[in-house]
There are 2 protein chains.
Amino acid sequence: MTTSLSRGPYKPGRIREQSRDLILQAAEAEFACHGFRGATMQRIAESAQVPKANIHYYFSNKLSLYGSVLENTLNLWDTVFNELSSHDEPADVLSRYIDAKINFSRTHPTASRLFAKEMISGAPHLSAYLQQDYRLWFKQRMSVFESWIAQGKMDNIDPAHVIFMIWASTQYYADFEPQILIATQTEQLTEQAFINAASSIKQIILKGCGIKY
Amino acid sequence: MTTSLSRGPYKPGRIREQSRDLILQAAEAEFACHGFRGATMQRIAESAQVPKANIHYYFSNKLSLYGSVLENTLNLWDTVFNELSSHDEPADVLSRYIDAKINFSRTHPTASRLFAKEMISGAPHLSAYLQQDYRLWFKQRMSVFESWIAQGKMDNIDPAHVIFMIWASTQYYADFEPQILIATQTEQLTEQAFINAASSIKQIILKGCGIKY
DNA sequence: GTCTATATTCTGATAGAC
DNA sequence: GTCTATCAGAATATAGAC
């Protein structure tokens with residue numbers, strides 16, 4: 001791991017950025033685990049190994065820290081979101097999307113959990129985000145499915161439920177990890193486990209929607 | 001709604017039970033929304049319309065109140081859990097189970113959310129429950145699927161992923177309600193919406209697993 | 001059994017030394 | 001820029017009147 005000393009000449013603001021990132025990382029884990037109200041600045045500070053007061057040096061208050069964490073998460077989220085955008089064959093598009101979603105659950109589980117916690121709480125801090133691009137994105141994706149149905153490339157199923165099913169199934173492996181670990185009697189979810197999950201989900205969704213592959 | 005006055009003769013402990021239930025109901029909503037740490041006794045008391053101190057008269061402390069709420073939730077949960085127990089045709093068994101699960105999401109959304117919040121937090125208060133009957137239940141259900149596969153009644157898919165997919169898809173309509181409302185541009189999920197969801201999920205799962213129906 | 005008042009601990013936020 | 005010390009308010013929990 002590189003430190004500020006090994007990176008060559010002094011660059012103003014580098015330490016500041018590093019501390020900020022450390023705090024954001026610790027905050028993400030804490031908020032994902034305990035929610036906005038349940039998380040404490042004390043625990044975030046301990047986890048980031050900075051004095052509690054320093055958090056207020058980088059972020060004006062708890063809500064603004066949470067907002068920054070959420071913003072980071074949503075940016076990551078959007079990247080995966082937009083994978084479902086091609087006009088290729090449905091089998092390819094959905095396979096790639098399911099792989100991308102499962103991969104996100106594997107590589108960014110806390111981001112997934114943070115988002116889930118927000119949703120379960122009624123999404124009080126997400127209204128702006130959800131009203132914005134999100135509705136448009138969903139409508140556009142819906143019409144892609146509808147054109148597939150019109151072309152006889154998939155069965156006549158309400159596309160909304162297909163999308164919800166893909167979201168639900170893929171996010172489950174991040175959000176409900178404890179349940180999966182106990183059910184499958186394993187200690188942790190390996191990369192192979194995620195690959196197997198994606199494979200099963202793809203098989204069921206594609207065949208279940210009558211998509212040829 | 002019947003009150004203690006309309007129920008006839010005095011019965012010792014009835015007022016006590018009613019207050020206890022009121023508090024439990026308010027606590028379930030509060031814990032489901034804000035998690036264990038995020039929920040406050042103050043807000044639970046206000047919501048249940050009792051003085052804050054009275055909660056401590058019925059429950060020794062916050063953790064024990066949470067335990068009681070969780071116990072109620074898990075009892076409800078188990079009822080639906082056991083619907084997947086028949087040795088009939090897979091199409092019937094899975095259809096009934098999916099209907100039961102979707103119905104639970106519709107009639108007990110807060111119970112679903114409470115359970116989800118616990119899971120996302122790492123299930124710190126569920127270890128006893130999950131270690132117990134749960135593992136056995138899951139193993140038994142897995143072997144039912146395996147016998148179906150052996151009899152050629154369904155495709156060769158890892159049963160664990162099928163079960164996770166059913167859980168994820170059905171619970172999604174309770175846990176991620178805000179997202180669904182915004183995506184579908186509706187104000188609330190009607191009973192018909194749940195019926196449609198169940199129908200789509202059944203269609204995809206059954207066909208996707210190669211189960212004849 | 002029920003409520004008011006209060007003890008005690010904790011949380012978010014700030015002041016000010018270095 | 002960083003940390004120690006500390007404040008005001010809120011949280012859990014209890015004591016004790018009625």
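In the text below, chain A, chain B and the rest are named by the order of the sequence lines, each starting its count at 1.
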Original post:
Charged N to carboxylate O under 4.0 angstrom, A:E46 versus A:K52?
Top reply: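 Result for this pair is no, no salt bridge flagged.
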Original post:
Is it true that B:K117 and B:D175 have a side-chain N and a carboxylate O under 4.0 angstrom from each other?
Top reply: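 No salt bridge links B:K117 with B:D175.
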Whole-Å distance between [N] [atom2] and [X] [atom1]?
X     : N      : atom1 : atom2 : answer
B:F36 : D:dA11 : CZ    : C1'   : 12 Å
A:I55 : C:dT11 : CD1   : P     : 13 Å
A:K52 : D:dT6  : NZ    : P     : 13 Å
B:M41 : C:dT6  : CE    : C1'   : 17 Å
A:R20 : D:dG1  : CZ    : P     : 12 Å
B:Q42 : C:dT9  : CD    : P     : 20 Å
B:R37 : D:dT12 : CZ    : P     : 13 Å
B:Q18 : C:dG1  : CD    : C1'   : 14 Å

So does [Y] get a backbone contact from the side chain of [X], meaning a donor-acceptor N/O pair under 3.5 Å?
X      : Y      : answer
A:E118 : A:H125 : yes
A:K62  : A:F36  : yes
B:S95  : B:D92  : no

**OP:** Identify whether any heavy atom of A:A45 sits under 4.0 Å from a base atom; if not, whether one sits that close to sugar-phosphate; answer base, sugar-phosphate or nothing.
**Re:** nothing
Of the nucleotides [options], which one has an atom closest to the side chain of [X]?
X     : options               : result
A:A53 : D:dA15, D:dA5, D:dT12 : D:dA5
A:T40 : C:dT11, D:dT4, C:dA13 : C:dT11
A:N61 : C:dA13, D:dT12, C:dC3 : C:dA13

Any side-chain N or O of [X] below 4.0 angstrom from OP1/OP2 of [N]?
X     : N      : answer
A:Y58 : D:dG1  : no
A:H56 : C:dT14 : no
A:Y57 : D:dG1  : yes
A:N54 : D:dC3  : yes

